[in-house]
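Following: one structure in structure tokens, then a few remarks.
Please read these numbers as outputs of a predicted model, since none were measured by experiment. Below, chains carry the letters A, B, ... as their sequence lines are ordered, and counting in each starts from 1.
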Number of protein chains: 2
Amino acid sequence: METKEISQAVIGRLPRYFRYLGELKDEGIERISSQELSDIMKVTASQIRQDFNNFGGFGQQGYGYKVEYLYEEIGKILGMNQTHNLIIIGAGNLGQALANYMNFERRGFLFKGMFDNNPALFGKKIRDMEVKPMEELHDFVKENNIDIAVLTIPKTSAVAVAEQLVKDGIKGIWNFAHVDLNVPKEIQVENVHLSDSLMKLTYNIIRYEEENSISQ
Amino acid sequence: METKEISQAVIGRLPRYFRYLGELKDEGIERISSQELSDIMKVTASQIRQDFNNFGGFGQQGYGYKVEYLYEEIGKILGMNQTHNLIIIGAGNLGQALANYMNFERRGFLFKGMFDNNPALFGKKIRDMEVKPMEELHDFVKENNIDIAVLTIPKTSAVAVAEQLVKDGIKGIWNFAHVDLNVPKEIQVENVHLSDSLMKLTYNIIRYEEENSISQ
DNA sequence: AAAGGAATGTCAATTCATTGACATTATTTT
DNA sequence: AAAATAATGTCAATGAATTGACATTCCTTT
């Protein structure tokens, strides 16, 4: 079987397709063409077809795409048909918010534990899960087949914790700490750098204002 | 003055440069070459120079870049030398987490208010700021010169709220709702779709595992 | 069952982003 | 003060991503 690399540009668009297709499915729509999807999603029909073709193509010529089938297939590609054992490290506001906010379970993310080094939080229940001390983290990861660690701890400790998690056998890290982790390339890292995102927003706001004042 | 468009690819890298330069500055490092920065940040020196040149270039030939100067200049480009009035709409876990988590003020983001439609939350203080009912939102935005609205509300209401915010004169929206907002292009939107990010992570985990099992 | 129409899959062309190379210019050393 | 060195700024080349075009294939209608 040939292993052709699929670009992260394509991967980055899949969740959005998945979301729109889920909505179409919920609306009871059974079939859609790339052109119709293009109109709804505001991307070119050509890109949609090109993207899907990375995975062999899911449509029928002359007909279009079956919404439910396409939804399922993209879901499989994204691993939404599997379960993933997940822990949250850092039980501060953000960690708690993520634990509560996500309807993880609906997508196969099994919330297995929550860790912090603040004794005041030990035993506190978040989503029926007691916060455990950091000392227990590494054994827990090893013994419970944890796939994904969510890092919502300060950047000062994030790098070291990540390195240890790698040794414990973690497969992926969802990193909210404001630092770049230094892990082997076989460990997948997805960064969510919130302040970077906010800075992009301010750049674009300022840029728009400047453009306007120049043309006045 | 010429208005040359700077690609979002470049903008997206600026906050990371800003972060590394801030750290270098804090370490007391005064000068750095694109090659040294390249080694630290794991991007090509060519890209670094190319990126900076979009803004005219900040270095001195034969010398390199003055860390503090470069830090300040990139900060200005990102609007970090200005203040931005900001409100959070949706005082649930995520909204509260963002209010507490960010050291907004250090970067010029002035937290001006928090809104929700859950009466149980009205008056609750978050960061010395009482949660206000949604009814007061639109007048508040108009009267207090709000630049940025952070949307941490369910997707069902996000689209309508965003449309009204545009009428109220908002400039940018930091959108955590799991939906694409439909606003005029002069309004800047920065999406943080957390579950999209998590799906990318699972894709990459699965992909790595498949690659490995094939080569076994 | 055959003809016509519709929409995919795919190839080619174009646009955009990244990398490489080097002339130029400033700094540093002698 | 001059020569040597260092590193930028910039141009050209390469590579990647997106868009456009159309032949092929399947569906639908008659």
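Put simply, CD1 on A:Ile32 is 18 Å from P on D:dC27, counting in whole angstrom units. Atom pair B:Glu5:CD and C:dA17:C1' shows a separation of 15 Å (rounding to whole Å applied). Distance, A:Lys66 NZ to D:dC26 C1': 12 Å, rounded to whole Å. Here C:dT8 presents its P atom at 9 Å from CD of A:Gln61, a figure rounded to the nearest Å. Here D:dG15 presents its P atom at 16 Å from CD of B:Gln47, a figure rounded to the nearest Å. Note: CG (B:Leu37) to C1' (D:dA6) measures 17 Å, nearest angstrom. A:Leu70 has its CG atom 16 Å from the P atom of C:dA7, to the nearest Å. A:Asp39 places its CG atom 14 Å from the C1' atom of C:dA7, with the value rounded to the nearest Å.
Counting any heavy atom pair closer than 4.0 Å across all strands shown, A:Phe52 reaches no nucleic acid atom. Within the nucleic acid shown, A:Ser46 comes within 4.0 Å of at least one base atom, counting heavy atoms only.
Within 6.0 Å of CD in B:Glu186 there are more than 12 heavy atoms belonging to other residues, nucleotides or ligands.
Nearer to the 5' terminus of DNA chain D, by closest-nucleotide assignment, is the contact made by B:Tyr65 (compared with the other of A:Val10 and B:Tyr65). Across the interface with DNA chain D, nearest-nucleotide mapping of B:Gln35 and A:Asp51 shows B:Gln35 to be the residue nearer the 5′ end.
Taking only distance into account, the side chain of A:Gln50 meets the base of D:dT19 through a donor-acceptor pair shorter than 3.5 Å. A donor-acceptor contact under 3.5 Å is not formed by the side chain of A:Gln60 with the base of D:dT25.
The shortest distance between the side-chain N/O atoms of B:Arg49 and the OP1/OP2 oxygens of C:dC22 is not below 4.0 Å. B:Thr44 has no side-chain polar atom (N or O) that falls below the 4.0 Å cut-off from OP1 or OP2 of C:dT18. Within the structure, a side-chain polar atom (N or O) of B:Arg31 is placed less than 4.0 Å from OP1 or OP2 of C:dT28. Phosphate contact (OP1/OP2 of D:dA16, side-chain N/O of A:Ser7, threshold under 4.0 Å): absent.
Relative to the side chain of B:Tyr63, the nucleotides C:dT28, C:dT24, D:dT19 differ in distance, and C:dT28 lies closest. When the nucleotides D:dA7, C:dT10, C:dT18 are ranked by their closest atom to the side chain of B:Ala9, C:dT18 comes out on top.
Contact check on B:Lys76 versus B:Glu72 returns no salt bridge, with no Lys/Arg side-chain nitrogen under 4.0 Å from an Asp/Glu carboxylate oxygen. Looking at A:Lys167 and A:Glu163, no side-chain N of the basic residue comes within less than 4.0 Å of a carboxylate O on the acidic one, giving no salt bridge.
Classified by interplanar angle (parallel below 30°, tilted 30° to 60°, perpendicular above 60°), the ring pair A:Phe18/A:Tyr71 is parallel.
Of the candidates A:Tyr17, A:Phe52, A:Tyr20, A:Phe52 is the only one forming a ring pair (Phe, Tyr, Trp, His ring centres under 6.0 Å) with A:Tyr65.
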